[in-house]
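Data first, discussion second: the structure below is written as structure tokens.
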Amino acid sequence: MNRSGAIGLAAGDGLGDSSTMLTEILAPVLRLPTKLEDGHRLDIDAGPIVVTTDVFSVDPIVFPGGDIGRLAACGAVNDLAASGARLSSCTLGIYASAELERAVLERCLRSFADVVIAEGGQVVAGDTKVHPDRRPELLLFVTALGRPCTLSSLDLDETRAGDDVYVTGPLGDHSIAVLSAREGLGFESVVQSDASPLSEPVLALAEAGLLHSARDLTRGGLVAALWDLYSAAGLACEIRRADLPIGERTQAAADMLGLDVLALTNEGCMLITAPREHRARVLKVLHDHTATAQAALVGQIADGPSLGPTLTVDGAGEVVIPLPRGLGVPRLC
Amino acid sequence: MSDVPSPRWGLVVIDLQRDLCHDERRAELVAEALPHIVKLVDAFVDHELPVFYTRFELEPDDPQFDRFGDRYCIKGTPGAELIDEIQPLRGEVIAKTKHSAFFATDLDERLQAAGCTGVVLTGLQTQICILTTAADAHHRGFEVVAASDCVVSTRDEVRLEALEWIEKYVGAVRTSTEVVASL
């Protein structure tokens, strides 16, 4: 380890400092298996396994409401939950700057491990590479395996006409928190990332047979999910703008930047669809869990043909929601 | 300005630096705003109210240069100096590295130490540093006024949009004459 507190380039060369990194940080913080071999043998029950993989990059790596470790773990947990599965084991690849502070790395890895272990999961394999430049500070590569909790995989094409459409929490907070912390926009003290694991409420609903489909609202936000659903199921969501849970400050920040909250990234929010007859039970389960306490019924799946998902705004009627080619440049320059 | 009880105001003069003010895209607009800014500074000093000047002090490899496609106010360079037209300074200088003048600075503490409960914002650019400082000030509990003839954007329609946003969400917009009359 580097005396200045940075991890140093040698932490990734496979020799002494790498060993120190492994024994002093990675193994205890991530609670790695005691035997560290080239491969790890998993005992997997017969039957399907759900797998997901993702690369996590965020600037800054520590932001209001979380850090890249929590982001990565919640991302894996929520991708699996949206497929009806609970995380059982995962691998973690680390690509770090030699200038990264050891304390910051430890914090991020601890955040990652806390979420994984709370799920009953385990980090079973990993690798670390250290590069000499300042940026990126830290990238995390996660591949996660999950045990299905339900027969249904909650795929979007399991959505049915007439279903209720819910959003499990406030939209856009993660994007605004990260943008504000990176650029100094004045919202970092009042808007926090929503990065949270949603496995408990979503799998509780799925195990009770109350859900048809689920989609994690990460990149592209609600807009991307609505169009994904339209493409997968050939069904259009009819969303009511007034019912969408959006924090006043998040809306103000989005207006400041000229961004559409519906297209902003979330890290603890899902779109779910469920039969109308389950409405009371669905809302009770969601509102009984902290991470989904602000969930809202925001629309229905159309019974008839449509040109795409629609948004109804009070006083302005119904319009098809456009799918932008990109989020656009924040209106700053 | 607000009704009774009247806040104790502090004036924040944002980023009147050579690189930003002498840029040909906005030099003329800065020249138009400067007399109003100087008038406000004089009025604040006359009323024994504090004046703070902020300035960007950026590292040569600051990531915002890539995002904005421009380079400015690099720490230690002449371009980072405050412009001659506002010399001699009538208050304290606060170095900053992000858009909001509160981000990782002690502006909040200095305002509180001076007994201020409100800020009047001037300088540039309206849609970036004025806007974000206004938001931050509001979230920290300060009354906020943007002096409409003392703030500058490269494009005037953008300045007006930013002032509209401030009025909608975090504060008030007044002319320098109105501000002086209310001190």
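Letters A, B, ... mirror the listed sequences (proteins, then strands); counts begin at 1.
If you measure heavy-atom distances from B:F102 to chain A, you find no contacts under 4.5 Å at all. Both the backbone and the side chain of A:Q251 come within less than 4.5 Å of a heavy atom in chain B. Interface remark: B:D70 contributes no atoms to any contact with chain A (heavy atom separation under 4.5 Å). When heavy atoms are compared at a cutoff of 4.5 Å, B:K168 approaches chain A solely by way of its side chain, counted from C-beta outward.
Considering every non-hydrogen atom in both B:S100 and A:G186, the closest pair reads CB-N, 4.3 Å. Shown here for B:F103 and A:G184, the closest heavy-atom pair between the two residues is CD1-CA, 3.5 Å. Listed here is the closest heavy atom pair of A:S189 and B:H139: OG-CB, 4.2 Å. Here the closest non-hydrogen pair linking A:F187 and B:A135 is CE1-CB, 3.7 Å.
Counting non-hydrogen atoms of other residues, nucleotides and ligands closer than 6.0 Å to CD of A:Q294 gives a total of 12 or fewer. Counted within 6.0 Å of CD on B:E28, heavy atoms from surrounding residues, nucleotides or ligands total 12 or fewer; the atom is thus considered open. Atom CD of B:E157 is surrounded by more than 12 heavy atoms from other residues, nucleotides or ligands within 6.0 Å.
Residue-level contacts of residues 130-137 of chain A with chain B, in order of numbering, are A:R134, A:R135; threshold 4.5 Å between heavy atoms.
Ranked by heavy-atom pairs under 4.5 Å with chain A, the first of B:I166, B:D136, B:T97, B:D61 is B:D136. For the options A:S180, A:A181, A:A252, heavy-atom pairs under 4.5 Å to chain B are most numerous at A:A252.
The CE atom of A:M256 sits 13.0 Å away from the CD atom of B:E161 when rounded to the nearest 0.5 Å.
Of the possible polar contacts, none joining the B:K98 side chain to the A:L185 backbone as a donor-acceptor pair under 3.5 Å is found.
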